[in-house]
There are 2 protein chains.
Amino acid sequence: MKKDISTEEKILEAARQVFYRKGMDGARMQEIADEAGINKALLHYYFRSKEKLFEAVFQEVIKGFFRSIEKALYAELPLTEKAEYVVDRYITMIESNPFVPQFIISEINRNPQMLRNVMMSEKFTPQSLVDVFGNPDVENHLFKFDPRQMVISLLGMVIFPYAARNLIQMIYFDGDEAEYSKFLSERKEFVKTMIIKMLTA
Amino acid sequence: MKKDISTEEKILEAARQVFYRKGMDGARMQEIADEAGINKALLHYYFRSKEKLFEAVFQEVIKGFFRSIEKALYAELPLTEKAEYVVDRYITMIESNPFVPQFIISEINRNPQMLRNVMMSEKFTPQSLVDVFGNPDVENHLFKFDPRQMVISLLGMVIFPYAARNLIQMIYFDGDEAEYSKFLSERKEFVKTMIIKMLTA
DNA sequence: GTCTATATGGCGATAGAC
DNA sequence: GTCTATCGCCATATAGAC
């Protein structure tokens, strides 16, 4: 049934856009319907309720987010190169979904149980990112720190500029969108350089 | 009029708590009234509308956030020590308001204009944090990078663990709150060390 | 200033025709 | 599967007594 899939996809795509902008509580079913070019009642036909629709979108986003960097984590590379590779993949991925970080951070608190469910349903192995920095087969000076400190730092450096985009853009770039985009495009190189510095004596 | 101030303060405090947990759209005036131990109608007596009440809370939070680190920025210290001092102050401040980062990130998108207004009404000089790293009177190897790259990195490393607390806690700490708190308490030292590494050859 | 009671509008959800 | 019409509730906001 081509028609079915097409409509369901249209709804999910529209819902994603609206939920990105407004969040679960701020979003309106009418707005999603308009965005999808269909009637409001159809949303309830495909997904029973707003809550269910949101869960479907949230699951989809979370899954995509984690899967997209999994490959980089298992690459057979020495520590520093692997770290560079991870940063590269991560930023590239966010660049193509720039609203995801803020969306996730905003919605996490609303229903932590939902996040747990998504994590369970898929077999996420986030430990592997820790392994990248916890691997002791390379000379480095991080032993006195929990390797997760490095992981969180990497994630913070990569994600924060997107999660807090509007704030940063206004404060440090006078609201100039183009200038901030340029800044972000130069950031990949900077973060790579800094991660390597952090990993070496 | 002691009574007036007391009630208004009670409302603001209650509103802050509820808005932290639920956000602007998720919050209910009834819940704020209950939290403040007063009647719902009183909220409208003191603040005309939910929107106005939220703006008052948001302004207050933003102002407090920026002011609290301003002192550290003007300290007369050499680059590395100043950077350490800033990190220290920042984390200490967030530790006493751990829900603020996520709150700000979540609400920024809703109404960027409001943020602009707050920035205008106060005379924020965020440039000073850039000056910390842009100061060329110290030997360092950052010249080929925009000093704002350092600023955003520092902020990301400091803020991200709080903004994405629930997510990180679940993924990397198996949901163990105590363990994550311990992790955070060790983080101040880690970030300081890393910032210094990033600033030196 | 603070309360109770009520108006008003909007939103999620459903009924039912096609 | 898709639409129009409508229900029923709930949240913001106001009226008005005290």
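Note that the structure is a prediction, hence the values are computed from the model and not measured. Residue numbers begin at 1 in each chain, while the letters A, B, ... track the order of the sequences.
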Is it the case that the side chains of Tyr20(A) and Gln102(A) hold a donor-acceptor pair, with the cut-off being a distance below 3.5 Å and no angle test?
no
Taken to the nearest whole Å, OH/Tyr45(B) to P/dT2(C) is 8 Å
Would you check if the distance from the ring center of Phe19(B) to the ring center of Phe54(B) is below 6.0 Å?
yes
Looking at Lys10(A) and Glu13(A), is there a salt bridge between them, counting it only when a charged N and a carboxylate O are closer than 4.0 Å?
no
Distance-minimising heavy-atom pair for Met170(B) and Pro112(A)
CE-O, 4.0 Å
Is Glu107(A) paired with Arg110(A) through a side-chain N to carboxylate O contact shorter than 4.0 Å?
yes
Close residues, residues 22-31 of chain B, relative to DNA chain D [heavy-atom separation under 4.0 Å]:
Ala27(B), Arg28(B), Met29(B)
Mind calculating the distance between CG (Asp34(A)) and P (dC3(D)) to the nearest angstrom?
12 Å
Sorted by chain and number, sequence neighbours left out, salt bridge (Lys or Arg N to Asp or Glu O under 4.0 Å) with Arg89(A) holds for none
Contact list for DNA chain D against residues 47-59 of chain B - heavy-atom distance below 4.0 Å:
Ser49(B), Lys50(B)
Measure from CD on Glu8(B) to C1' on dT2(C) and round the result to the nearest Å.
15 Å
In whole Å, what is the span from the OH atom of Tyr46(A) to the C1' atom of dT14(C)?
18 Å
Phosphate oxygens OP1/OP2 of dT2(D): is one of them under 4.0 Å from a side-chain N or O of Thr7(A)?
yes
For Lys188(B), which residues count as a salt bridge (Lys or Arg N to Asp or Glu O under 4.0 Å) partner, sequence neighbours excluded?
Asp88(B)
Taking the ring of Phe160(B) and the ring of Phe160(A), is the distance between their centroids below 6.0 Å?
no
So if I take every side-chain heavy atom of His44(A) and compare against dT2(C), dT2(D), dA13(C), which nucleotide ends up nearest?
dA13(C)
Give me the distances for all protein-to-nucleotides 4-6 of chain D N/O pairs that come in under 3.5 Å?
from: dT4(D); atom 1: OP2; to: Asn39(A); atom 2: ND2; distance (Å): 3.0

Given dC3(D), dT2(C), dG1(D), which nucleotide is nearest the side-chain atoms of Ile38(A)?
dC3(D)
Relative orientation of the end axes in the helix from dG1(C)-dC18(D) to dC18(C)-dG1(D), expressed as an angle to the nearest 10° (five pairs per end):
0°
Round to the nearest Å and state the distance from Leu42(A) atom CG to dC3(D) atom P.
5 Å
